Novice: 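Structure incoming, see below.
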Amino acid sequence: MKGSSMDFKQKAADLIVAQTNLPADQVFGLIERPKNAKMGDYAFPCFVLAKQFKKNPAAIAGEIAESISDEAFAKIVAVGPYVNFTIDHNLLIAQTLQAVLKQGQHYGDQELGKGNVPIDMSSPNIAKPMSMGHLRSTVIGNSIAKIFEKVGYTPVKINYLGDYGTQFGKLITAYKKWGNEADVKRDPIHYLFQYYVKFHQEAEDHPELEDEGRAWFKKLEDGDQEAVELWQWFREVSLKEFKRIYQELGVEFDSYNGEAFYNDKMDAVVEELKDKNLLVESRGAQVVELGQDENPAMILKSDGTSIYLTRDLAAAEWRMKEYNFVKMLYVVGNEQTEHFKQLKAVLKKMGYDWSDDIYHVPFGLITQNGKKLSTRKGNVVFLDQVLKDAVKLARAQIDAKNPSLANKDEVAHDVGVGAVIFHDLKNDRLDNFDFDLEEVVRFEGDTGPYVQYTNARAQSVLRKAKALGKEASLADINLDDEWAFQTAKDLADFPRIIARAEEKFEPSVVAKYSLALAKKFNKYYANVKILTDDEQLPARLALVEAVSTVLTEALRLLGVNAPKEM
RNA sequence: GGUCUGGUAGCUCAGCUGGAUAGAGCAACAGUCUUCUAAACUGUGGGUCCUGAGUUCGAAUCUCAGCCGGAUCACCA
């Protein structure tokens, strides 16, 4: 934590402790940041001391402020009941820039834990297009993986594909009735999805279709050659399509073990539950009782077939054996909260204490025009289309703003896709939002492109400096303007921001931070002429370089590229 | 109805383990490009922090109750 503002807060706490004999951790906890920067950088409220010393807080603050001093602080004064500390600005700037430039992209790396952390994420269904909902799971999971990696863990990104289940019986039925091979080969997801939607429409008037679907699924389960071949084909072409989109998003997986992978592992779980006397018959089904107020966890339906909880139990056990995880995360919509409660509860009953290491990382629902998206009704927002539109808009923006840019297509991709990803990550995971393309693909204000643009400007300055034969230096830093200080203070916060994002499984913490830092730097840029040739030029360049380093790293943690020009 | 979750500016949202005049972005209006990329910066207007009690020296933040919205409540995933 060397070089961060942690040092200063700790220092302030130490000074208070030495003077008051209050417990160190209490003092540290009480120290806050004044909302108004003019008040100083840290403040210690003296209310708690009022009773102890039987004096009014303002008087106590005055006495404390007068009796302590330290070279780390330019000013320590009492304002009302507060002892306000003003950091030696240049000291903080110098320390922070030193830390960032020396550590480069590793600035902010920490050892908060270690071991494997499987992250169950994305998990689209075969033969269905990826929607904005899958985008959320994908980008949130991807970002959490990067954040966990930065603090010492080894993330394992698992794409738990929806590649099995009764819907494949329906799909086979639909394909055989209305489909043809050429269409599927040409545009697999599009046509397969069309068949699927048509099946549901037709089934409303012709319920016998459902029976046909069930029959085909039975055949699939029994290993019927035609059924298995069709299923494999559907899976293969779908996966190929998904991988294309993942490439667009810059997301890679460590495992594509989907639902089908666990088909042969469920019987063992059912046996285990029986052996442990946890299975009870209820209304013809086999369940695990979870207590008075809880719904029982269904393991086998009344027709004897398994259900997704059964499969998830098998998957959890298998993953424990395979990865010996220290934590396991499921990045799945909040509508499945109950399911994961049950999953954890059943594992606990089975005697697995590692159930406590499983976390459901839920996220809010995306609607369109206020209505819930429904795959079956064909009311979806296709992720593929959104990305295409975003890139196209970004390209138009470049043509308008920077027509001489060299690699326009590449940058348009980074900016367009970056805008979509950033938009999804900047708000609290649990917030619901209504999909609106214009809103998602914005380039101004609190957006990904704003952060990217800020970085591009910083890079531009560094390029120009290099052309002039100037470069950043940590020697003799003496930046005394307020904008530089505010920027440096944010830079110093980066390690703590990452720690908080990890603790809360919350990429938005990093996204908001990147916006705040970009804003501070833009003010600096607007008010300070960086490339003035004086003795502080190397110091200013050090600040610019540090900002670019941290912005780039923050964006990387979000899964967003940071082009050097745009 | 039970459980979970949310209610902050016209809109979308920040506000960390309670602390000093409640903050951004968008939208509106007014400025700033012969000067490091104006995808930026500056300024103006805009708020009963859902309501009511309680805890506290101090509450947007914690507790309880109520109102409103969302999710969910075993044989889909």
Side-chain angles (χ1 to χ4, degrees), chain A residues 29-30 32-36 39 43 45 47-48 50-51 56-57 79-82 84 123 125 160 162 165-167 259 282-287 290 293-309 311-312 332-339 341-342 362 364-365 367 372 376 394 397-398 400-402 404-405 415 419 426-428 430-434 436 439 442-447 449-454 456-465 468 496-497 500 503-504 508-509 512 515-516 518-519 522-523 525-532 540 544 565-566:
Chain A
L30 280 169
E32 62 191 71
R33 290 184 162 218
K35 285 195 177 126
N36 190 335
M39 299 293 207
F47 303 103
V48 286
K51 274 179 209 154
N56 76 66
V79 179
Y82 293 87
N84 290 345
S123 312
N125 293 317
Y160 187 48
T166 48
Q167 73 263 27
E259 295 174 1
S282 171
R283 299 184 212 170
Q286 296 292 316
V287 304
L290 295 177
D293 303 326
E294 304 293 328
N295 280 323
M298 177 161 301
I299 303 297
L300 295 175
K301 296 186 276 193
S302 48
D303 65 2
T305 57
S306 64
I307 191 168
Y308 62 108
L309 179 60
R311 199 179 299 269
D312 274 1
V332 179
N334 84 37
E335 66 273 14
Q336 291 197 39
T337 300
E338 286 302 315
H339 168 67
K341 261 193 202 161
Q342 291 200 332
L365 211 62
T367 54
K372 193 174 170 177
R376 266 185 271 180
Q397 185 80 349
I398 290 167
K401 304 276 184 182
N402 193 359
S404 61
L405 186 65
V415 173
K426 88 173 166 189
N427 286 129
D428 193 292
L430 282 166
D431 287 350
N432 300 331
F433 76 87
D434 200 63
D436 174 11
E439 186 68 33
R442 263 212 142 89
F443 302 119
E444 293 160 15
D446 280 350
T447 65
Y450 173 83
V451 180
Q452 289 174 319
Y453 178 72
T454 308
R457 282 175 131 187
Q459 281 296 324
S460 179
V461 171
L462 293 173
R463 264 195 312 277
K464 292 240 156 77
L468 296 169
R496 258 179 299 161
I497 291 293
R500 193 142 66 89
E503 188 195 341
K504 296 169 72 176
S508 71
V509 170
K512 278 168 192 145
L515 286 168
K519 184 169 275 298
N522 275 324
K523 288 190 187 192
Y525 183 96
N527 287 288
V528 177
K529 175 77 182 164
I530 299 161
L531 290 175
T532 304
R540 288 195 298 274
V544 176
E565 281 183 75
M566 65 184 268

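Just so you know, these numbers come straight off a predicted model, no measurement behind them. Chain naming here is simple, since letters A, B, ... match the order of the sequence lines and numbering starts at 1 in each.
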Novice: What's R283(A) touching, base or sugar-phosphate or nothing? Going by heavy atoms closer than 4.0 Å.
Specialist: base
Novice: Take atom C1' in A53(B) and the same atom in G47(B), then report the distance between them in whole Å.
Specialist: 23 Å
Novice: Could you measure between the two C1' atoms, the one in U21(B) and the one in A60(B), and give it in whole Å?
Specialist: 15 Å
Novice: Please work out if P34(A) contacts a base, only the sugar-phosphate, or nothing of the nucleic acid, heavy-atom cut-off 4.0 Å.
Specialist: base
Novice: Quick check for you: among A20(B), C75(B), G19(B), whose closest atom lies nearest to any side-chain atom of K301(A)?
Specialist: C75(B)
Novice: Provide the distance between the two P atoms, one in C62(B) and one in G7(B), to the nearest whole Å.
Specialist: 10 Å
Novice: How is D303(A) classified with respect to the nucleic acid when contacts are heavy atoms under 4.0 Å: base, sugar-phosphate, or nothing?
Specialist: nothing
Novice: Taking N and O atoms by type only, does the side chain of S302(A) place a donor or acceptor under 3.5 Å from a partner on the base of C75(B)?
Specialist: yes
Novice: Heavy atoms under 4.0 Å, any strand shown: does N84(A) hit a base, just sugar-phosphate, or nothing?
Specialist: base
Novice: Map G80(A) and K504(A) onto RNA chain B by nearest heavy atom, then report which one ends up closer to the 5' terminus.
Specialist: K504(A)
Novice: For C62(B), measure the glycosidic angle (O4'-C1'-N9-C4 for a purine, O4'-C1'-N1-C2 for a pyrimidine) and name it syn if it falls within 90° of 0, otherwise anti.
Specialist: anti
Novice: By the 4.0 Å heavy-atom rule, please label E32(A) as base, sugar-phosphate, or nothing.
Specialist: base
Novice: Check S302(A) against R283(A) and note the closest heavy-atom contact, atom names and distance.
Specialist: CB-O, 4.2 Å
Novice: Taking E503(A) first and then R500(A), would you say they form a salt bridge - that is, a charged N and a carboxylate O separated by under 4.0 Å?
Specialist: no
Novice: Find which nucleotide of RNA chain B each of P81(A) and G29(A) is nearest to by heavy atoms, and output the residue with the more 5' nucleotide.
Specialist: G29(A)
Novice: Would you mind reporting whether M566(A) and N402(A) have side-chain heavy atoms less than 4.5 Å apart?
Specialist: no
Novice: What heavy-atom pair brings S508(A) and N427(A) nearest, and what distance separates the two atoms?
Specialist: CB-O, 3.4 Å
Novice: Going by heavy atoms in the side chains, are H339(A) and V332(A) under 4.5 Å from each other?
Specialist: no
Novice: Do the side-chain N or O atoms of K512(A) get closer than 4.0 angstrom to the phosphate oxygens (OP1, OP2) of C16(B)?
Specialist: no
Novice: Just checking A43(A): base, sugar-phosphate only, or nothing, at a heavy-atom cut-off of under 4.0 Å?
Specialist: base
Novice: What string of B, S and - do you get for nucleotides 36-44 of chain B, 5' to 3', when a contact is any protein heavy atom under 4.0 Å?
Specialist: BBSBSSS--
Novice: What's the shortest heavy-atom distance between N432(A) and L365(A), and which atoms?
Specialist: OD1-N, 2.8 Å
Novice: Categorize S282(A) for me: base, sugar-phosphate, or nothing, with a 4.0 angstrom heavy-atom threshold over every strand shown.
Specialist: base
Novice: Suppose you measure atom P in G45(B) against the same atom in G25(B); what distance do you get, rounded to whole Å?
Specialist: 15 Å
Novice: What is the distance, rounded to the nearest whole Å, between atom NZ of K35(A) and atom P of A14(B)?
Specialist: 17 Å
Novice: Give E439(A) one of three labels, base, sugar-phosphate or nothing, depending on what nucleic acid heavy atoms sit under 4.0 Å from its own.
Specialist: nothing
Novice: Between N522(A) and Y453(A), is a side chain to side chain donor-acceptor pair (under 3.5 Å) present by the stated rule, with each step listed?
Specialist: CA-CA 10 Å; N522(A) 275 324; Y453(A) 178 72; over 6 Å; no
Novice: Where the side chain of E335(A) is defined as all heavy atoms beyond and including C-beta, which of A71(B), C16(B), A20(B) is the nearest nucleotide?
Specialist: A71(B)
Novice: Measure across A458(A) and V544(A) and return the closest heavy-atom pair with its distance rounded to 0.1 Å.
Specialist: O-CG1, 3.5 Å
